[in-house]
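First the structure, which I've put down as C-alpha cells, then a few questions once you've had a look.
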Amino acid sequence: MWEERADRARREIAALATDGLDLAALYTAALALVRQSVPFDQACWAGVDPETMVINSVTNWRPWPVTDEYAVRFAQSEYRGTEPNTFARLMLRPHPVARISDAPRSEVAGSVRINDLLRPLGLVHELRGAFRMDQSCWGVGSLFREGTADFSDREVEFLAAVTAALAAASRVAARARYRPWDRPDGPVIVLAGDRGELRAATPAATTWLRALEDRAPGRFGMVLYAVVAQAKASPAGTAKTRMRDADSGWVVLQASRLITGDDPGQMVVTVEPASTGQLLTLLLAAYGLTPREQEVCLEVLAGSAGADIATHLFISPHTVHDHLKSIFDKVGVGSRGELVARLSATG
C-alpha cells in the first residue's frame, strides 16, 4: 500500500515541478502531499546550494515562532556541532532519511537541536531527509510530531522513496525564471557578529535587505546565520552560497573572517550578483548534466566546434556527438543555437 502511495506522490511532485512554481510554493504544495501519508504537526523544508550545502531558503508548514536566538543556535548546531542526523551526514547515507529515535542515545542527550530548540516547542519526534539526486543535494527537510506517536518504519520508507522526486522538483525550481540582478547603488556589505547577528550594513545593503524582507520575510536572516556558521567551521574561514533575491535574481553571499583586534569573531558578508560562471554551473547542474556534459556544454557556449571540443577534452568526435545528444535531451532543445538561447535566457 505505501509503495502505491509513494509512487503516486512521486508523480504528483513531478507534476508540481512543471507548473513554474518557485521553491517556497513548490515545498508548500509538496508538504501537503506528503502529509496525506505521513502526518505531522510541523515541518521545515529548505533549499540548499548543491555545491556548499548552505541553506538558501526556508519554507515552514505553519508559522514558526523562530527568534533570532533560535536561528543562531540552529545554524551553529547544524554546521559547527556534532548533532545527530545533520543534513550533511544524511546526504552521504545510502538512504538519506533518519528519525531522531534511531540516533544513539548519547548523541540525542547532547543535542542542542532536540533538547533546547524542539522540545520546548512540544516537538518530540523528528524525521529528517536530504533531497538528493545524482549525488547532489538540492533541498533538505524535517517533519515533526508532538505527543507519543513516533514516525513508523513505513513512514520513514515513504519519505525515503520520494526524496529523489523532491530533489528533481527542486532542480526545476532552481532553473525557473530568473533575471539579472538589479544592482543597488553601492556595495552590499554587512558586518556580522560572532554568532551571525547583523551588526552593521552599508546604505546599499540596507535598501536591498528591506526589499528582500518585504518579499521573503526572514530569508536573509536564516541564510546569514547559516553561511556565517559554515564559515566559522571552515579551516579557511570563509563560506558562500547562491540565493534568490527579492526580484528572483541570483546573488552570491560570501562570509569571511574579519581580521581585527577589537573583535576577532566578526565576519564580513558580501552580496554580489552571481557571475556568468556561477550561474551556468548552477543551471547546468539543475538540468541534470553530468560533469563531462557540463564541460562539453561550456565549450559549446564558448563557440567551439565539435572537433575543437574533442581536442580540448581529449575525447573522440563521436563521444562529443553522444554528449551533445544527451545535453539536448536534458535541456529540451534541438540544436546548438537553441541550447545557447535557452541557457542565456533571463525570463
Side-chain angles (χ1 to χ4, degrees), residues 1-50 53 55-62 85 87-100 102 125-145 150-177 282-290 293 326-327 329-332:
M1 177 68 73
W2 77 265
E3 293 96 335
E4 294 178 0
R5 290 184 177 181
D7 186 56
R8 183 170 62 250
R10 285 193 291 264
R11 293 196 302 269
E12 292 176 339
I13 290 169
L16 288 174
T18 66
D19 290 341
L21 301 177
D22 63 19
L23 195 61
L26 170 68
Y27 280 177
T28 297
L31 276 166
L33 291 174
V34 170
R35 196 167 189 259
Q36 295 173 12
S37 298
V38 185
F40 55 80
D41 296 304
Q42 179 59 295
C44 180
W45 284 7
V48 299
D49 187 318
M53 285 290 289
I55 289 173
N56 57 21
S57 71
V58 176
T59 302
N60 294 318
W61 173 246
R62 53 186 173 86
N85 301 337
F87 292 124
R89 288 164 64 181
L90 288 181
M91 166 66 184
L92 301 176
R93 295 184 181 181
H95 300 289
V97 298
R99 58 190 165 194
I100 195 62
D102 292 329
H125 307 287
E126 178 196 60
L127 174 59
R128 289 187 138 202
F131 308 155
R132 182 185 66 200
M133 188 177 192
D134 298 331
Q135 302 307 308
S136 293
C137 185
W138 292 85
V140 296
S142 296
L143 308 179
F144 307 103
R145 276 184 184 162
D150 196 0
F151 294 96
S152 69
D153 292 345
R154 289 300 190 193
E155 289 170 332
V156 174
E157 292 171 354
F158 178 93
L159 185 62
V162 301
T163 52
L166 289 167
S170 301
R171 292 197 316 193
V172 173
R175 65 182 192 241
R177 181 172 180 167
L282 178 71
L283 291 177
L284 297 182
Y287 277 109
L289 271 61
T290 66
E293 288 170 349
S326 177
I327 291 168
D329 288 342
K330 290 179 178 180
V331 180

- Query: Out of curiosity, Arg171 CZ to Tyr287 OH, how far, rounded to the nearest 0.5 Å?
  - Reply: 11.5 Å

- Item | Heavy-atom pair of closest approach, residues Ala6 and Ala161 |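 Taking Ala6 first and Ala161 second, the nearest heavy atoms are CB-CB, 3.8 Å.
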
- Gln135 CD to Leu92 CG distance, which is reported to the nearest 0.5 Å: 9.0 Å

- Task: Would you mind reporting whether Asp102 and Asn85 have side-chain heavy atoms less than 4.5 Å apart?
- Result: no

- Message: Measuring from atom CZ of Phe144 to atom CG of Leu127, what distance do you get when rounded to the nearest 0.5 angstrom?
- Response: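 Answer for the CZ-CG pair, Phe144 versus Leu127, is 9.5 Å.
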
- Check: Phe40 main-chain N/O paired with Arg35 side-chain donor or acceptor under 3.5 Å: yes

- Message: Salt bridge check, Glu293 against Lys330: does any charged N sit closer than 4.0 Å to a carboxylate O?
- Response: yes

- Task: Could you give me the CA-CA distance, side-chain angles and deciding distance for Leu21 and Leu16, then say whether side chain to side chain contact (heavy atoms under 4.5 Å, CB included) is met?
- Result: CA-CA 7 Å; Leu21 301 177; Leu16 288 174; 4.3 Å; yes

- Task: Taking all heavy atoms of Ala168 and all of Met133, pick out the closest pair and write down the distance.
- Result: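 Smallest heavy-atom distance, with atoms named: CB-SD, 3.5 Å.
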
- Item | Which atom of Thr163 lies closest to which atom of Ala130, heavy atoms considered |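 Reported closest heavy-atom pair: CB-O, 3.7 Å.
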
- Between Val97 and Ala160, what is the shortest heavy-atom contact and its length?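 Here Val97 and Ala160 meet closest at CG2-CB, 3.6 Å.
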
- Once you round to the nearest 0.5 Å, how far does CE of Met53 lie from CH2 of Trp138? 12.5 Å

- Query: Quick one: CG on Asp22 to OH on Tyr27, what's the gap to the nearest 0.5 Å?
  - Reply: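 Rounded to the nearest 0.5 Å, the CG-OH separation comes out at 11.5 Å.
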
- Message: Determine whether a donor-acceptor pair (N or O, by modelled atom type, separation under 3.5 Å) exists between the side chain of Arg132 and the backbone of Arg93.
- Response: yes

- Approximate separation, where rounding is to 0.5 Å, of Leu166 CG and Leu159 CG: 7.5 Å

- Within-4.5 Å side-chain heavy-atom neighbours: Val172 and Thr18: no

- Task: With the side chain counted from C-beta on, respond yes when Met91 and Pro96 share a heavy-atom pair under 4.5 Å apart, and no when they do not.
- Result: no

- Task: Taking all non-hydrogen atoms of both residues into account, name the closest pair between Ser57 and Leu23 and its distance.
- Result: OG-CD2, 3.3 Å

- Message: Side chains of Val34 and Glu12, heavy atoms from C-beta outward: is any pair under 4.5 Å?
- Response: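 No. Closest side-chain heavy atoms not under 4.5 Å.
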
- Query: Checking Arg145 side chain against Asp150 main chain: does a donor-acceptor pair fall under 3.5 Å?
  - Reply: yes

- Message: Using side chain to side chain contact (heavy atoms under 4.5 Å, CB included), reason through Leu143 and Trp45 one step at a time and then give a plain yes or no.
- Response: CA-CA 8 Å; Leu143 308 179; Trp45 284 7; 3.7 Å; yes

- Should Arg10 and Asp7 count as side-chain neighbours, where that means a heavy-atom distance under 4.5 Å?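 Heavy-atom side-chain distance check passes, below 4.5 Å.
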
- Note, Arg154 side chain near Ser37 side chain (heavy atom, < 4.5 Å): no

- Message: Looking at every non-hydrogen atom in both residues, tell me the closest pair between Ile13 and Ala165 and how far apart they are.
- Response: CG2-O, 3.6 Å

